[in-house]
Amino acid sequence: MKLLVSACLLGERVRYDGQAQTLALTQLAIWKQQGLILGYCPEVAGGLPVPRPAAERQVDGSIRTAGGTDVTAAFIRGAEATLALCVQHDVRCALLKERSPSCGSRHIYNGRFDGTLVAGEGLTAALLRQHGIRVFSELQLPEFIAHVQTLLSQGSSL
Ligand code: SF4
């Protein structure tokens with residue numbers, strides 16, 4: 001079993017603005033050193049460039065840029081590629097970047113590009129959950145670490 005982590009949280013400059021959102025977490029660094037972490041960016045996997053226009057999930061479920069371009073297909077491709085990777089590596093737990101239209105797991109932007117957050121999840125987080133993978137965000141680090149440690153104590157071979 002491996003752990004899936006949003007690539008931008010691992011310092012990869014794959015965000016829409018060409019930046020990373022590096023997470024300084026000792027435990028994560030240790031697991032990474034042990035080769036247990038799979039870093040992945042669903043949007044890049046879906047074929048989107050870096051940088052790229054910001055996009056938000058709309059009330060009808062589609063993903064659009066502020067200019068109105070429908071990028072839903074690329075987001076779906078990315079979510080499906082992420083799920084395939086998880087199946088391949090027996091991923092049962094993921095740490096994904098909150099608020100992203102792909103990786104957000106509890107809150108995303110409202111689709112109007114006015115900075116307002118609403119309860120909701122990104123396409124990738126939703127698809128992983130539908131397939132039984134526990135998804136945490138960087139705002140739930142104690143819960144994430146505790147969950148992984150429980151898996152380890154139950155004998156899962158990370
Ligand atoms: Fe990070 Fe996920 Fe956005 Fe890629 S899609 S930049 S991994 S939040």
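As the structure lists them, so they are numbered: ligands from 1, and atoms in each ligand from 1. Counting begins at 1 with the first residue of the sequence.
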Evaluation steps, side chain to side chain contact (heavy atoms under 4.5 Å, CB included), between Leu36 and Lys2: CA-CA 5 Å; Leu36 308 176; Lys2 298 216 178 206; 5.8 Å; no
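The Tyr40 neighbourhood of ligand 1 comprises atoms 7 (S), with distances under 4.0 Å to a heavy atom of that residue. Close approach of ligand 1 to Arg52 (heavy-atom distance below 4.0 Å) involves ligand atoms 6 (S).
For Gln34, the CD atom sits in a packed shell: over 12 heavy atoms of surrounding residues, nucleotides or ligands are nearer than 6.0 Å. Counting non-hydrogen atoms of neighbouring residues, nucleotides and ligands closer than 6.0 angstrom, the CZ atom of Arg129 exceeds 12 such neighbours.
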Quiz: residues 99-109 side-chain donor-acceptor pairs under 3.5 angstrom, not counting sequence neighbours:
residue : atom : partner : partner atom : Å
Ser100  : OG   : Ser102  : N            : 2.9
Ser100  : OG   : Cys103  : N            : 2.9
Ser102  : OG   : Glu43   : OE2          : 2.9

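Across all their heavy atoms, Thr65 and Pro53 have their closest contact at CG2-CB, 3.9 Å.
Among the candidates Asp70, Val71, Ile76, the single residue satisfying the side-chain contact (heavy atoms from CB on, under 4.5 Å) test with Ile63 is Val71. Test Leu4, Leu10, Leu3, Thr82 against Leu38 for side-chain contact (heavy atoms from CB on, under 4.5 Å) and you get one pass: Leu4.
Here 1 is the count of protein N, O or S atoms positioned under 2.8 Å from atom 2 (Fe) of ligand 1, waters not counted.
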